[in-house]
Number of protein chains: 2
Amino acid sequence: MGIGTLASRAGCQVQTVRYYEQIGLLPPAMRNAGNQRRYDNATLRRLTFIRHARDFGFSVEAVRELLGMADHPDMPCDHADAIAKRHLEEVEARIERLSALRDELKRMVAQCAGGRVDECRIVEVLSDHQQCLHAADHGGQQTIR
Amino acid sequence: MGIGTLASRAGCQVQTVRYYEQIGLLPPAMRNAGNQRRYDNATLRRLTFIRHARDFGFSVEAVRELLGMADHPDMPCDHADAIAKRHLEEVEARIERLSALRDELKRMVAQCAGGRVDECRIVEVLSDHQQCLHAADHGGQQTIR
DNA sequence: ATAAAACCTAAAGCCGCTATAGCTTCAAGA
DNA sequence: TCTTGAAGCTATAGCGGCTTTAGGTTTTAT
Ligand SMILES: [Zn+2]
Ligand SMILES: [Zn+2]
Ligand SMILES: [Zn+2]
Ligand SMILES: [Zn+2]
């Protein structure tokens with residue numbers, strides 16, 4: 001199949017497939033007489049695995065390792081498990097951080113009475129971190145992903 | 001004060017201050033005889049506002065609008081409120097998506113018995129989206145932030 | 001034969017900074 | 001006053017994970 005068919009079957013964009021080839025997640029594709037990439041079902045399965053892992057939020061580097069392990073079915077799965085556990089922890093940390101953020105935002109929005117900017121609770125809170133309840137949960141230089 | 005003092009009081013890096021000036025969040029700074037930036041307390045307050053809003057996860061464009069409104073205290077605050085509400089909704093959507101992800105990851109990790117790769121539940125699930133419970137909650141081409 | 005759709009490569013753009021390189025200026029101690 | 005080291009300057013590149021654009025070639029359908 002061509003790259004368009006492959007991409008649509010895997011649920012991603014054509015350029016993404018070429019990008020994955022470029023960074024070595026997919027092997028260099030076979031070409032037809034006119035230099036266009038041709039794929040088989042093995043590559044479709046590989047790409048589907050990649051997309052699924054990415055949808056799970058695994059980084060490209062993690063996906064690279066997971067793919068490497070999927071290529072060796074007779075090896076022990078310890079490392080795959082470690083990667084998944086670490087990712088789970090990261091996801092849980094993000095959820096906690098976002099939840100604190102959500103609470104603070106809710107409080108902010110709820111207290112706005114809809115008047116002038118200088119009476120607005122939103123602008124007021126943003127101007128003064130002291131007015132935050134869970135002050136420790138944001139204000140560092142961490143990202144909020 | 002100099003840029004280093006400003007940055008450390010606002011809790012950000014020196015380069016970030018210069019970056020904010022470059023993208024127009026901060027006005028072009030006054031310079032001393034040796035071409036170094038000098039700041040007053042008004043700029044410190046503005047930078048603190050920016051950092052606080054960024055810590056809340058507002059995008060730079062949202063911060064730009066919020067700043068514009070904070071500069072006009074006599075205007076109605078409708079738009080600030082709309083921005084905050086929309087951001088709250090986005091945060092809630094992220095939390096929901098991440099929670100579904102967390103559940104799926106937990107299930108995956110819990111079911112791994114620690115054997116060979118070809119018996120590993122993690123590799124198995126990643127290979128086959130059918131095995132996911134909340135299949136709809138991931139698998140699109142959305143990002144998982 | 002022609003035109004539209006799909007494909008090709010290479011390079012730039014996105015976000016929000018962060019880091020590097022190679023310079024100049026400032027502040028404090030001897 | 002001289003010297004050193006910290007702090008500042010500009011310009012540019014890099015991060016992740018793609019997406020977009022530009023300018024071409026090949027395939028496919030009529
Ligand atoms: Zn308001
Ligand atoms: Zn705060
Ligand atoms: Zn396992
Ligand atoms: Zn799935």
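In what follows, chains carry the letters A, B, and so on, assigned in the order in which the sequence lines appear, proteins first and then strands, with residues in each chain numbered from 1.
Distance from the side chain of B/S59 is smallest to C/dG16 among C/dC17, D/dC18, C/dG16.
There is no side-chain donor-acceptor pair under 3.5 Å between B/R46 and B/Y39.
The salt bridge (Lys or Arg N to Asp or Glu O under 4.0 Å) pairs that include a residue from residues 115-124 of chain B are B/R116-B/D118, B/R121-B/E124, where partners are two or more places apart or lie in different chains.
Where A/Y20 and A/N32 each meet DNA chain D at their nearest nucleotide, the meeting point lying more 5' is that of A/Y20.
Between A/I23 atom CD1 and D/dG16 atom C1' there is a gap of 10 Å when expressed in whole angstrom units. What separates CD of A/Q15 from P of C/dA10 is a distance of 16 Å, to the nearest Å. Rounded to a whole Å, the OH atom of A/Y19 is 18 Å from the C1' atom of D/dT21. Nucleotide D/dG14 holds its P atom 19 Å from the CD atom of B/Q13, rounded to whole Å. One atom, CE of B/M1, and another, C1' of D/dA7, lie 16 Å apart when rounded to the nearest Å. Distance CD (B/Q22) to C1' (D/dC9): 13 Å, rounded to an integer number of Å.
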- Query: What string of B, S and - do you get for nucleotides 1-9 of chain C, 5' to 3', if B is base contact, S is sugar-phosphate-only contact and - is no contact with any protein heavy atom under 4.0 Å?
  - Reply: ------SSB

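Between A/G114 and B/D81, the shortest heavy-atom distance links the atoms CA-OD2, 4.1 Å. In plain terms, the two heavy atoms of A/R102 and B/V91 that are nearest each other are CB-CG1, 4.0 Å.
OP1 or OP2 of C/dG16 has not a single side-chain nitrogen or oxygen of B/T16 nearer than 4.0 Å.
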Cut-off 3.5 Å, no hydrogens considered: what does the side-chain donor-acceptor table look like for residues 56-67 of chain B, sequence neighbours left out?
{"from": "B/S59", "atom 1": "OG", "to": "B/E61", "atom 2": "N", "distance (Å)": "3.4"}
{"from": "B/S59", "atom 1": "OG", "to": "B/A62", "atom 2": "N", "distance (Å)": "3.1"}
{"from": "B/E61", "atom 1": "OE1", "to": "B/R64", "atom 2": "NE", "distance (Å)": "3.3"}
{"from": "B/E61", "atom 1": "OE2", "to": "B/R64", "atom 2": "NE", "distance (Å)": "3.2"}
{"from": "B/E61", "atom 1": "OE2", "to": "B/R64", "atom 2": "NH2", "distance (Å)": "3.3"}
{"from": "B/R64", "atom 1": "NH1", "to": "B/I23", "atom 2": "O", "distance (Å)": "2.9"}
{"from": "B/R64", "atom 1": "NH2", "to": "B/I23", "atom 2": "O", "distance (Å)": "3.2"}
{"from": "B/E65", "atom 1": "OE1", "to": "B/H79", "atom 2": "NE2", "distance (Å)": "2.7"}

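Between the CD atom of A/Q131 and the CD atom of A/Q111 there is a distance of 9.0 Å, given to the nearest 0.5 Å.
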